[in-house]
Trainee: 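Got a structure for you, questions after.
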2 protein chains.
Amino acid sequence: MATRGVSVTNKLREALLGGEYAGGTRLNEVDLADSLAVSRTPIRAALSTLAAEGLLEYRPNSGYAVKSFAAKDIEGIYVVRANLEGLGARLVAQQGLSDLHRGLLHKVLTESEELQNVEDWNDEVSDVWRDLNDRFHNTLIEASGNSHLAMMLRKSRAIPLLNQLKFRWFDLGTLARAHDDHCQIFAAITGGQVVRAESIASEHVYRSGQRIIEHWRKMDTRKPVAAAKARAA
Amino acid sequence: MATRGVSVTNKLREALLGGEYAGGTRLNEVDLADSLAVSRTPIRAALSTLAAEGLLEYRPNSGYAVKSFAAKDIEGIYVVRANLEGLGARLVAQQGLSDLHRGLLHKVLTESEELQNVEDWNDEVSDVWRDLNDRFHNTLIEASGNSHLAMMLRKSRAIPLLNQLKFRWFDLGTLARAHDDHCQIFAAITGGQVVRAESIASEHVYRSGQRIIEHWRKMDTRKPVAAAKARAA
DNA sequence: CCACGATCGATTGCATACAGTTGGTTCAAG
DNA sequence: CTTGAACCAACTGTATGCAATCGATCGTGG
């Protein structure tokens, strides 16, 4: 088993990404320590780590607060992410796929294909698709062999609430389109179509971002209230 | 004055970026605490932060070690950085420069122009040019208004030893070429030449990366020795 | 001579006590 | 009623002691 510090970090990260704390919420060390049944020491370690990861904001002598993202921030993040995923696809197309990674990607696509037959959208389908989508993108980046790129993308994906939004609000039509994009990216890569691989991958992510931002804007109207209340508390 | 934790973090970060610790060196908490005249607590906070920033590697129950970068890593980082700087230039070209940022960039270029008249390359020139170069790139990214992009680039630039290498090994010819690139990027941006701005900026960084990697390879032969020795100590 | 295992030193992990800072509240003066 | 300053409570910052873990060394058995 890992140290308490590490496991607290993971628990907190999950909670933050799951959107359990509203943006702007101040995190009290003793409360966290009590609720997680550890002392303040591992809590502080976790908070400092998560701040460096960009999920929290730190103010000396004041503590840590949950970073809040406005629609504009999400837009900026997705512009970057689209670029980076495009770069990843380009690199893979250039240097070719190893048998291992080709197999993994093919498996994802096969399983995604099966998902096309479902009749209506529900939470279970959403979870399965999220897993498949993550696997596709992660495998692709891993295949690029660029660990720094992988790290950057990991950070670009770590946005609170995002996973919930992204997949709960999906529908079968969007799913079909996304799956088709994946297939086209895969085809472009195996066919050595470097520019095309980059374009499709980039556009695929960008489009996904547009959907998110649209929904995010709807939430932004009532969010400042919660944030302000949290800040006041 | 900031807390000890923060100032220790800054001191250590500077030391790491300055290349004071060989890659692979294990950082002993009590030694650091003694040499910086603080207790282990702020040291631990700093280490955890720097690990999350990617300058150190953490292994539970074993501690922190200075991350070492092979030539391949540098290459990967520069591929990403070239793409991101290109993106930044493109964004700025698209949305136009504010008066403030246009002024700042113009000032940098004017000062750089003066630097073209120096007769030979020395440490002072190197320092001045490093400052000008940093200001140009930082201002450009700031002008894009994308804070996430700025954060990513900050991380892509934070590589130990890099600043030393980059500018000590420069020469007047390379300086002239780099300055010219900056001018062209500026011209493309003010002229709204979106694609051109992106291309030049990206290529400008990529080329700089090539130079670094070349020199890095020369060091890599004797580096593993130092790293192994440090690991043993 | 080699392989395996126990022991020991060194180092990190964690909890806790205490010090310092912040910002909010209260009280008094204008 | 407003303003300001002193006060206070709550929280974070730091030091330190002890527990737990790891790796190396030494010893023992094959």
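Throughout, a chain's letter reflects where its sequence line sits, starting with A, and its residues are numbered from 1.
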Trainee: Just jot down the side chain to side chain contact (heavy atoms under 4.5 Å, CB included) partners of B:T9, sequence neighbours excluded, or say none.
Mentor: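 Counting only residues at least two positions away or on another chain, B:T9 forms a side chain to side chain contact (heavy atoms under 4.5 Å, CB included) with B:R13, B:A46, B:T49, B:L50.
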
Trainee: Along DNA chain D, 5' to 3', what are the outermost nucleotides having an atom less than 4.0 Å from a heavy atom of chain B?
Mentor: D:dG13 to D:dG23

Trainee: Which pairs pass salt bridge (charged side-chain N to carboxylate O under 4.0 Å, His left out) with one or both residues in residues 58-71 of chain A, sequence neighbours excluded?
Mentor: none

Trainee: Looking at residues at least two apart in the chain, or sitting in another chain, which of them share a side chain to side chain contact (heavy atoms under 4.5 Å, CB included) with A:Q94?
Mentor: A:R90, A:L91, A:V194

Trainee: By ring pair (Phe, Tyr, Trp, His ring centres under 6.0 Å), which residues pair with A:H182, not counting sequence neighbours?
Mentor: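 Once residues adjacent in sequence are excluded, the partners of A:H182 under the ring pair (Phe, Tyr, Trp, His ring centres under 6.0 Å) criterion are A:W129, A:F136, A:H137, A:H204.
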
Trainee: Going by side-chain hydrogen bond (donor to acceptor under 3.5 Å, both in side chains), name the residues that satisfy it together with A:R102, two or more places apart in sequence or in a different chain.
Mentor: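 With sequence neighbours excluded, A:R102 shows a side-chain hydrogen bond (donor to acceptor under 3.5 Å, both in side chains) to A:D99, given in chain and number order.
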
Trainee: By nearest heavy atom, map A:S62 and B:R59 onto DNA chain C; which one lands nearer the 5' end?
Mentor: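 Result: B:R59.
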
Trainee: Going by the salt bridge (charged side-chain N to carboxylate O under 4.0 Å, His left out) test, which pairs reach into residues 140-156 of chain B, not counting sequence neighbours?
Mentor: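 Residue pairs passing salt bridge (charged side-chain N to carboxylate O under 4.0 Å, His left out), neighbours aside: none found.
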
Trainee: What residue pairs, at least two apart or across chains, pass ring-ring contact (aromatic ring centres under 6.0 Å, His included) with a residue in residues 38-59 of chain A?
Mentor: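 Pairs touching residues 38-59 of chain A that pass the test: A:Y58-A:Y64.
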
Trainee: Please determine if A:R135 and A:D131 form a salt bridge, counting it only when a charged side-chain N lies under 4.0 Å from a carboxylate O.
Mentor: yes

Trainee: Which nucleotide of DNA chain C is the first, and which the last, in the 5' to 3' direction, to come under 4.0 Å of a heavy atom belonging to chain B?
Mentor: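 Nucleotide range in contact with chain B: C:dT11 to C:dG13.
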
Trainee: Does B:E20 have any side chain to side chain contact (heavy atoms under 4.5 Å, CB included) partners at least two apart in sequence or in another chain, and if so, which?
Mentor: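 Counting only residues at least two positions away or on another chain, B:E20 forms a side chain to side chain contact (heavy atoms under 4.5 Å, CB included) with B:A15.
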
Trainee: Could you identify which residues of residues 34-56 of chain B place a heavy atom less than 4.0 Å from some atom of DNA chain D, listed by residue number, or say none?
Mentor: B:V38, B:S39, B:R40, B:T41, B:P42

Trainee: If you look at every strand shown and take non-hydrogen atoms under 4.0 Å, does A:Y64 touch a base, only sugar-phosphate, or nothing?
Mentor: nothing

Trainee: Name all residues meeting the side chain to side chain contact (heavy atoms under 4.5 Å, CB included) criterion together with B:S98; count only those two or more places apart in sequence or in a different chain, and write none if there are none.
Mentor: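 By the side chain to side chain contact (heavy atoms under 4.5 Å, CB included) rule, B:S98 matches B:L100, B:H101.
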
